[in-house]
Q: 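Submitted below is the structure of interest, expressed as structure tokens.
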Amino acid sequence: MSSSALSLPLTVQPHHRSSSASSPASPSQLKQLHAHLLKAGIPLSSAVSLSDVASLCGVSDAASFAYARSLFRHCYSSTTPELILWNSCLNALSSSSPSDALLLFSRLRFADILPDTFSCSFTLKACSRTSSLSLGKAVHALIEKLGFQVDVFLLNTLLHMYCRCEAMIDARRVFETMPVRDVVTWNILITQYTKLGVMEIARELFEVMPERSVRSWTALIAGYVQCGQPKEAIQLFQEMENAGCQPNEVTVVAALAACADLGALDLGERLCKYAKSCGFLKNVRVCNTLIDMYIKCGCVDIARNVFDGMTERTVVSWSAMIGGHAMHGQGEEALELFTKMEESGIRPNSVTFVGLLHACSHMGLLDEGRRFFTSMIEDYGLVPEIEHYGCMVDLLSRAGLLEEAHEFIRKMPVEPNGVVWGALLGGARVHKDIKMGEEAIKHLVKLDPSNDGYYVVLSNIYADAGHFDAAAQVRRLMRDQGVKKTPGWSTITINSVTHEFVAGESKHPQTEEIYKKWDELLHEMKLRGYVPDSSVVLLDMDEAEKEHVLYRHSEKLAVVFGLMNTPPGSTIRIMKNLRVCSDCHAALKLISEITDRQIVVRDRNRFHSFKNGTCSCRDYW
DNA sequence: TTAGGGTTAG
């Protein structure tokens, strides 16, 4: 009943009660209703649901509580034992307002009423949700005193409480001494270890558990994804299929997230088909993850189709899609979508604004970016986080406003991180500002001395300005700091087999043919004006050697391999661990033109889609 | 009337 009945009290259905999930009436509404029903002569018990009463119990003043108890007695006491009413309230409050559930439990104890296993279970749930370890321990003691230690259900709740409070010694003690364990017991513990990032123990438990449910598999798959081990997640998913266990919505979400991380489009597509056949696409979270998977696998158009086809969208759906357009250099689409989002009445959150600011910085939309930054604070009351500051510094410094960017960093209320200084450094490179580059690197070296990327950029700035001695000094600095260059790798997946290419390595069985094909391409590229840009090579060697190093960059090898092993006209998709270097960027533009192929490269920041000699980033990256 | 797994930024 609740709200509809409250607005039209005389139409109350005598035996219709709301479930505890529906929103309870407020105390004042309830009092109003109470008065109304008394006048109309309708018995109170037929109109007041337990969850309504529960909402009253949440009121901490003694008068309201007394009123709630009188309602209890008035409505139910002739037919139902009072403890069930307490339990119903505890149940409702443990989800809606756990601190009130704890308060109610203390009142129950104070009233000298003996709790049963249900009361304890609801109270432990409230302890979990409020991380009240000491109260949880008190309930544990009570459980032992009352002899409830044989109830698996209750002990699982207890175990869960200890896990949520990260009291793993207590959790293990409960687990070890449980007289009976069921699959839920194991799942709780496995999930906790995945949350703590201890995947080895989670896996061990998974291996030895006597019986597994879909949730056991899913918990471990999701754990691998959360711990940044998507390959293991996919492997386990395949094991799960082989074991004949049917993935459900949650499993699909976890597996799709792994595909997104890996750029594993083939499996992602298969999961999409499976989800469709099971009717999972009605589930918003499945669709959200599906959108993310398609975006991160380079298929922004398909992602948009999924998005457009959704009947219900959450802030996550909108944010994912806006961020996706931004990542693919589609700034206008991102901004248009934001307008639609506002029209639809969904309130943007801080992630939405990260996507929007990304879109602006990738497109050089200075004024819009500033506007969004102000709007998120003033119109939406959001507090900017480090990511937002990073986007703003990126936006300003790319636009050439390096002084303003620097000033912005100095005024930031949060400590700038490597992303923020890195953005200033990037701007300094584009605008050939040595002073600002040096300022940025000063902080970057302190924050992250082992990251070689920054040195490369600084050296490029020097080399650009003709300061070759300074460039050499950077190389010395790198050596002195013990900085090793992160090997660049690129992967391409063909017929479900992922081929990895590491810069300079020649491990792939088709290496000879790849080099041969590259030489042919190089000839054609040079005819079209390609000049190798060896400034990106930070090694002491002569020009010819530098060019040789350049020609063995992993994304070039992967693209050539792709050209050789995929049908003409098909899109080539590459994943790269670092950012695309400027020489490869120029080369891939030409290759897309010469071979009439679309080449989509996912680098660590964004997507580059090369087609007909141009890139979707419009060379602004 | 009680317990366990999920999505967007990086």
Q: Nearest to the side chain of A:V351, heavy atoms from C-beta on, is which of B:dT8, B:dG10, B:dG5?
A: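 Of B:dT8, B:dG10, B:dG5, B:dT8 is nearest to the side chain of A:V351.
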Q: Will you find, in the side chains of A:N349 and A:T352, an N or O donor that is under 3.5 Å from an N or O acceptor?
A: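 Looking only at side-chain atoms, A:T352 and A:N349 do form a donor-acceptor pair, the distance falling under 3.5 Å.
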Q: May I ask you to verify if any side-chain N or O of A:K296 is less than 4.0 angstrom from the OP1 or OP2 atom of B:dA9?
A: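 Answer is yes, contact under 4.0 Å.
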Q: For a quick check of understanding: with a heavy-atom distance under 4.0 Å over all strands, which category does A:A254 fall into, base, sugar-phosphate or nothing?
A: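 Here A:A254 touches no strand at all.
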Q: Contact class for A:N87 vs. all strands (heavy atom < 4.0 Å): base, sugar-phosphate, or nothing?
A: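 Touches a base.
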Q: By the 4.0 Å heavy-atom rule, please label A:D151 as base, sugar-phosphate, or nothing.
A: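 The residue A:D151 makes no contact with any strand.
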Q: Is any side-chain nitrogen or oxygen of A:Q192 closer than 4.0 Å to OP1 or OP2 of B:dG4?
A: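 For B:dG4, neither OP1 nor OP2 has a side-chain N or O of A:Q192 closer than 4.0 Å.
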Q: Does the pair A:R173/A:D170 count as a salt bridge with the N-to-O cut at 4.0 Å?
A: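 Salt bridge flag = yes for A:D170 with A:R173.
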Q: To the nearest angstrom, how far is A:M310 atom CE from B:dT7 atom P?
A: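 Atom CE in A:M310 sits about 15 Å away from atom P in B:dT7.
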Q: Can you find a donor-acceptor N/O pair under 3.5 angstrom joining the side chain of A:S213 to the base of B:dG4?
A: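 Answer yes: a donor N or O sits under 3.5 Å from an acceptor.
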Q: So does A:H160 get a side-chain nitrogen or oxygen closer than 4.0 Å to the phosphate oxygens (OP1/OP2) of B:dG4?
A: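 A:H160 to B:dG4 OP1/OP2: side-chain N or O found under 4.0 Å.
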Q: Scan side-chain atoms only and decide if A:T251 and A:N248 contain a donor-acceptor pair under the 3.5 Å cut-off.
A: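 Yes - a donor-acceptor pair under 3.5 Å links their side chains.
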Q: Answer yes or no: does atom CZ of A:R172 have more than 12 heavy-atom neighbours from other residues, nucleotides or ligands under 6.0 Å?
A: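 Yes, the 6.0 Å shell around CZ holds more than 12 heavy atoms from other groups.
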Q: Indicate the ring-plane relationship of A:W421 and A:H443, choosing parallel, tilted or perpendicular according to the 30° and 60° boundaries.
A: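 Geometry flag for A:H443 against A:W421: parallel rings.
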Q: Where the side chain of A:H358 is defined as all heavy atoms beyond and including C-beta, which of B:dG10, B:dT8, B:dG5 is the nearest nucleotide?
A: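 The listed nucleotide nearest to A:H358's side chain is B:dG10.
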Q: Quick check for you: among B:dT1, B:dT7, B:dA3, whose closest atom lies nearest to any side-chain atom of A:I84?
A: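 It is B:dT1.
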Q: Would the base of B:dT8 count as contacting A:S319 through its side chain, where contact means a donor and an acceptor less than 3.5 Å apart?
A: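 Looking at the base of B:dT8, it does pair with a donor or acceptor on the side chain of A:S319 (distance under 3.5 Å).
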Q: Charged N to carboxylate O below 4.0 Å: is that the case for A:E241 and A:R270?
A: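 Salt bridge: yes.
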Q: Please indicate yes or no: is the ring centre of A:F118 less than 5.5 Å from the centre of the six-membered base ring of B:dT1, with the two planes inclined by under 30 degrees?
A: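 The base of B:dT1 is stacked with A:F118 (centres under 5.5 Å, planes under 30°).
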Q: Measuring from the side chain of A:N283 (C-beta onward, heavy atoms only), which nucleotide among B:dT2, B:dG6, B:dG5 has the closest atom?
A: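 For A:N283, the side-chain atoms sit closest to B:dG6.
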Q: Indicate whether A:F122 forms a stack on B:dT1; treat it as stacked only if centroid distance is below 5.5 angstrom and interplanar angle below 30 degrees.
A: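 The ring of A:F122 is not stacked on B:dT1.
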Q: Flag this pair as yes if the NZ/CZ of A:R212 is under 6.0 angstrom from the six-membered ring centre of A:F206 and inside a 45 degree cone about the axis; otherwise no.
A: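 The answer is yes, since A:R212 meets both limits relative to A:F206.
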Q: Send over the distance from A:H325 NE2 to B:dT8 C1', rounded to a whole Å.
A: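 The answer, rounded to whole Å, is 14 Å.
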Q: Find the distance A:M293:CE to B:dG6:C1' and express it as a whole number of Å.
A: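 Value for this atom pair: 16 Å.
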Q: I need the CE-P distance between A:M161 and B:dA3, as an integer number of Å.
A: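 So the CE-P distance, A:M161 to B:dA3, works out to 15 Å.
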Q: Expressed in angstrom and rounded to an integer, what is the separation of A:L154 atom CG from B:dT1 atom P?
A: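 Between P of B:dT1 and CG of A:L154: 18 Å.
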Q: In whole Å, I'd like the distance from the CG atom of A:L236 to the P atom of B:dG6.
A: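 To the nearest whole Å, that distance equals 15 Å.
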Q: Counting side-chain heavy atoms from CB outward, which of B:dG6, B:dG10, B:dG4 is closest to A:V286?
A: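 Selected nucleotide: B:dG6.
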Q: Ignoring the backbone of A:T251, work out which of B:dA9, B:dG10, B:dG5 is nearest its side chain.
A: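 Shortest atom-to-atom distance from the side chain points to B:dG5.
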Q: Taking atom C1' of B:dA3 as reference, at what distance in whole Å does atom CG of A:N156 sit?
A: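 After rounding, the gap between these two atoms is 5 Å.
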Q: Examine B:dA3: is either OP1 or OP2 under 4.0 Å from a nitrogen or oxygen in the side chain of A:K125? Give yes or no.
A: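 So the side chain of A:K125 is within the cut-off, an N or O lying under 4.0 Å from OP1 or OP2 of B:dA3.
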Q: Between B:dG10, B:dG6, B:dT8, which nucleotide has the shortest distance from any of its atoms to the side chain of A:V354?
A: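 Looking only at heavy atoms from C-beta outward on A:V354, the closest nucleotide is B:dG10.
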Q: Round to the nearest Å and state the distance from A:N91 atom CG to B:dT1 atom P.
A: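 Roughly 10 Å, once rounded to whole Å.
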Q: Would you say the base of B:dG6 and the side-chain of A:N288 have a donor-acceptor pair closer than 3.5 Å?
A: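 No.
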